[in-house]
Peer 1: 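Structure below; questions to follow.
Both ligands and their constituent atoms are indexed starting at 1 by order of listing.
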Amino acid sequence: MSLVVQKYGGSSVSDAQGIKRVAQRVVETQRQGHQVVVVVSAMGDTTDELLDLAAQVTQTPPARELDMLMTAGERISMALLAMAIHSHGAVAQSFTGSQAGMITDGIHGKARIIDVDPYRVRTAIDKGNIAIVAGFQGMSRTTNEITTMGRGGSDTTAVALAAALDAAVCEIYTDVDGIYTADPRVVPSAQKIDKISSEEMLEMAASGAKILHLRSVEYARRFGIPIHVRSSFSDKEGTWVLPSPGDKIKISKGVALEQPIISGVAHDRSEGKVTVVGVPDIPGKAAEIFGIIAGAHSNIDMIVQNISTSGTGRTDISFTLPIVEGAEALAALRDAQERVGFEKLLYDDKIGKLSLIGAGMRSNPGVSFTFFKALSDAGVNIDLISTSEIRISVVTRADLLDTAVRAVHKAFELDGADTATVYGGTGR
Ligand code: ADP
Ligand code: ASP
Ligand code: MG
């Protein structure tokens, strides 16, 4: 008898019907002879709605109360799912993050896992019950407060429980049939990927493909947990994220990993661009600027420094960061303007980032040419560029992002004959 962790995202439990459908699936898994631990997200767009509600009450909600509010979404789903399972004659027990032993640090809104001690979950399943755990929440032992782990964090709850309970697999159920070569909402001709290495999936997730929370992929790789991303609306085999190429044996089908060079195109609309204009071009200024940004707890992504304009001894530094962190970072920089000695700050939140991901890109010079040619043929202007061993990213205007994604996807011959199915969700 193997232990399976299943995570159901918001679109899978968006209404009573969805909850009943998921209950059926969970009970069937148990009847097939597995021990089942289920992680649930909040129903549909509940988390966004709760955040909107908070914003109507105040523009500056205390982080502790915001976390308290958001954890309520997952509590609703877990209790309803437990009830639905009971109606099938099976026994389910729901647990909040803290009851399930998800111990985090005390940083509200982006807490990181410190320890996972799911003894109550273990006791429940050892009794033959189904355990249901609220996603993306935990508790800090230092502050004794309830925390949340950041948007999309239920995937990470699921993988962390799978590791702590030594599960055979972590199944992530969502509203598409698996991981595609691009977001099927933007590229309907995107193709489903059967297997992807965790390295490539890490780059996809870090580049904005929200199908998996970045930290869940990192966690799965660290603990050797195979992730199976699939739809809760169909029975199709989804995509396996292999923790490492050497771990293929764990995968039931066990076929050797055989990847094309390019695995996919990811896009991201959640970042803004800050330009610090007229920075004195002397050693130490970049360190000062990024020290200020670090102090504001912002996660910087792409950084570009221009060569200094001749004769002025000054340069411009641009970088991208999550829009939600923009205001705090700008305020911190403004406070330090005189000390750093820059001329002015520009902020642009109407940008989009596009990334091409694939193993072996560095060693294939034709890749960059095809990439930039596709963008130029589509009339897409490029603002910033960055590259890694297995990724090229560019920043473009937000309104041209979809066009750019489709153009690059096509140029790399990733388009398939079939139209990808999107079963639900609003894509919010
Ligand atoms: P859930 O609520 O189940 O966690 P998410 O909305 O977080 O679901 O993630 C699923 C969505 O991710 C899909 O509906 C799709 O629009 C988007 N997505 C982005 N990139 C990809 C990709 N490469 N493959 C599949 N889906 C993707
Ligand atoms: N409900 C949370 C969110 O919408 C966590 C999750 O679904 O993973 O971000
Ligand atoms: Mg998600």
Peer 1: For the backbone of Leu414 and the side chain of Gln191, can you confirm whether one donor and one acceptor N or O come within less than 3.5 Å of each other?
Peer 2: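 Flag set: sc Gln191 to bb Leu414 pair under 3.5 Å.
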Peer 1: Does Gly9 come within less than 4.0 angstrom of ligand 2, counting non-hydrogen atoms of the residue?
Peer 2: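 No heavy atom of Gly9 comes that close to ligand 2.
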Peer 1: Considering the heavy atoms of Ile179, write down every atom of ligand 1 situated less than 4.0 Å from one of them.
Peer 2: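 Counting atoms of ligand 1 from 1, those under 4.0 Å from Ile179 are 24 (N).
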Peer 1: Nearest non-hydrogen atom to atom 13 (C) of ligand 1 belongs to which of Asp175, Val422, Val187, Val265?
Peer 2: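 Selected option, by shortest heavy-atom distance: Asp175.
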Peer 1: Which ligand 2 atoms does Glu74 reach within 4.0 Å, using its non-hydrogen atoms?
Peer 2: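 Going through ligand 2 atom by atom, the ones under 4.0 Å from Glu74 are 1 (N), 2 (C), 5 (C).
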Peer 1: For Asp402, run the salt bridge (charged side-chain N to carboxylate O under 4.0 Å, His left out) check against Arg185, Arg269, Arg397 and tell me which one passes.
Peer 2: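 Of the listed residues Arg185, Arg269, Arg397, the salt bridge (charged side-chain N to carboxylate O under 4.0 Å, His left out) partner of Asp402 is Arg269.
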Peer 1: Once you restrict to heavy atoms under 4.0 Å, what part of Ser12 touches ligand 1? Side chain, backbone, both or neither.
Peer 2: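 For Ser12, no heavy atom sits under 4.0 Å from ligand 1.
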Peer 1: If you measure from each non-hydrogen atom of Lys210 to ligand 1, which part falls under 4.0 Å: side chain, backbone, both or neither?
Peer 2: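 Under 4.0 Å from ligand 1, Lys210 contributes backbone and side-chain atoms.
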Peer 1: Should Pro184 be listed as contacting ligand 1, given a heavy-atom distance under 4.0 Å as the test?
Peer 2: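 Distance cut 4.0 Å: Pro184 passes for ligand 1.
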Peer 1: For ligand 2, which atoms sit closer than 4.0 Å to a heavy atom of Ser41?
Peer 2: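 Near Ser41, meaning under 4.0 Å from one of its heavy atoms, ligand 2 has 6 (C), 7 (O), 8 (O).
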Peer 1: What is the closest protein heavy atom to atom 24 (N) of ligand 1, and at what distance does it sit?
Peer 2: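 So the nearest neighbour among protein heavy atoms is Tyr180 N, 2.9 Å.
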Peer 1: Charged N to carboxylate O below 4.0 Å: is that the case for Lys110 and Glu325?
Peer 2: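 Looking at Glu325 together with Lys110, the answer is yes, because their closest N to O distance falls below 4.0 Å.
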Peer 1: Is Asp235 salt-bridged to Arg25, going by a charged N under 4.0 Å from an acidic O?
Peer 2: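 Looking at Asp235 and Arg25, the cut-off is met.
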Peer 1: Which atoms of ligand 1 are found less than 4.0 Å from any heavy atom of Gly10?
Peer 2: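 Taking each heavy atom of Gly10 in turn, ligand 1 has 2 (O) under 4.0 Å.
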Peer 1: Is any side-chain heavy atom of Asp383 closer than 4.5 Å to one of Thr396?
Peer 2: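 In short, these two side chains do not touch, never coming nearer than 4.5 Å.
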Peer 1: Check Asp177 with Lys236, please: is the shortest side-chain N to carboxylate O separation under 4.0 Å?
Peer 2: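 Here Lys236 pairs with Asp177 in a salt bridge, since their nearest N and O are under 4.0 Å apart.
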Peer 1: Counting only heavy atoms, which portion of Lys7 has something under 4.0 Å from ligand 1: side chain, backbone, both, or neither?
Peer 2: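 Near ligand 1, Lys7 shows its side chain, while the N, CA, C and O stay back.
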Peer 1: At the 4.0 Å heavy-atom cut-off, does Gly153 count as touching ligand 2?
Peer 2: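 Checking ligand 2 against Gly153, which is what was asked, there is a heavy-atom contact under 4.0 Å.
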Peer 1: Using 4.0 Å as the upper bound for N to carboxylate O, is an ion pair formed by Arg21 and Asp15?
Peer 2: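 Salt bridge flag = no for Arg21 with Asp15.
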Peer 1: Does Ala182 come within less than 4.0 Å of ligand 1, judged by its heavy atoms?
Peer 2: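 For ligand 1, residue contact (heavy atoms, under 4.0 Å) with Ala182 is present.
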Peer 1: Is the cationic atom of Arg230 (NZ for Lys, CZ for Arg) positioned less than 6.0 Å from the six-membered ring centroid of Tyr173 and within 45 degrees of its normal?
Peer 2: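 Relative to the ring axis of Tyr173, which defines the angle, Arg230 lies outside at least one limit.
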Peer 1: Run the salt-bridge test on Asp415 and Arg406 with the 4.0 Å N-O cut-off and return the result as yes or no.
Peer 2: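 So Asp415 does not pair with Arg406 through a salt bridge.
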Peer 1: So, does Ala266 sit close enough to ligand 1 that a heavy atom of it is under 4.0 Å from the ligand?
Peer 2: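 No heavy atom of Ala266 comes that close to ligand 1.
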Peer 1: Going by heavy-atom distance to atom 10 (C) of ligand 1, choose the closest among Asp268, Thr47, Thr174.
Peer 2: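 Residue with the shortest heavy-atom distance to the ligand atom: Thr174.
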Peer 1: Starting from atom 6 (C) of ligand 2, which protein heavy atom do you reach first, and at what distance in Å?
Peer 2: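 Protein heavy atom at minimum distance: Ser154 OG, 3.2 Å.
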Peer 1: One thing to verify: whether Lys7 and Asp155 come together as a salt bridge, which I'm taking to mean a side-chain N less than 4.0 angstrom from a carboxylate O.
Peer 2: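 The answer is yes: the pair qualifies as a salt bridge.
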Peer 1: Please could you name the atoms of ligand 2 that Arg151 approaches to less than 4.0 Å, counting only its heavy atoms?
Peer 2: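 Reading through ligand 2 atom by atom, the close ones are 3 (C), 4 (O), 9 (O).
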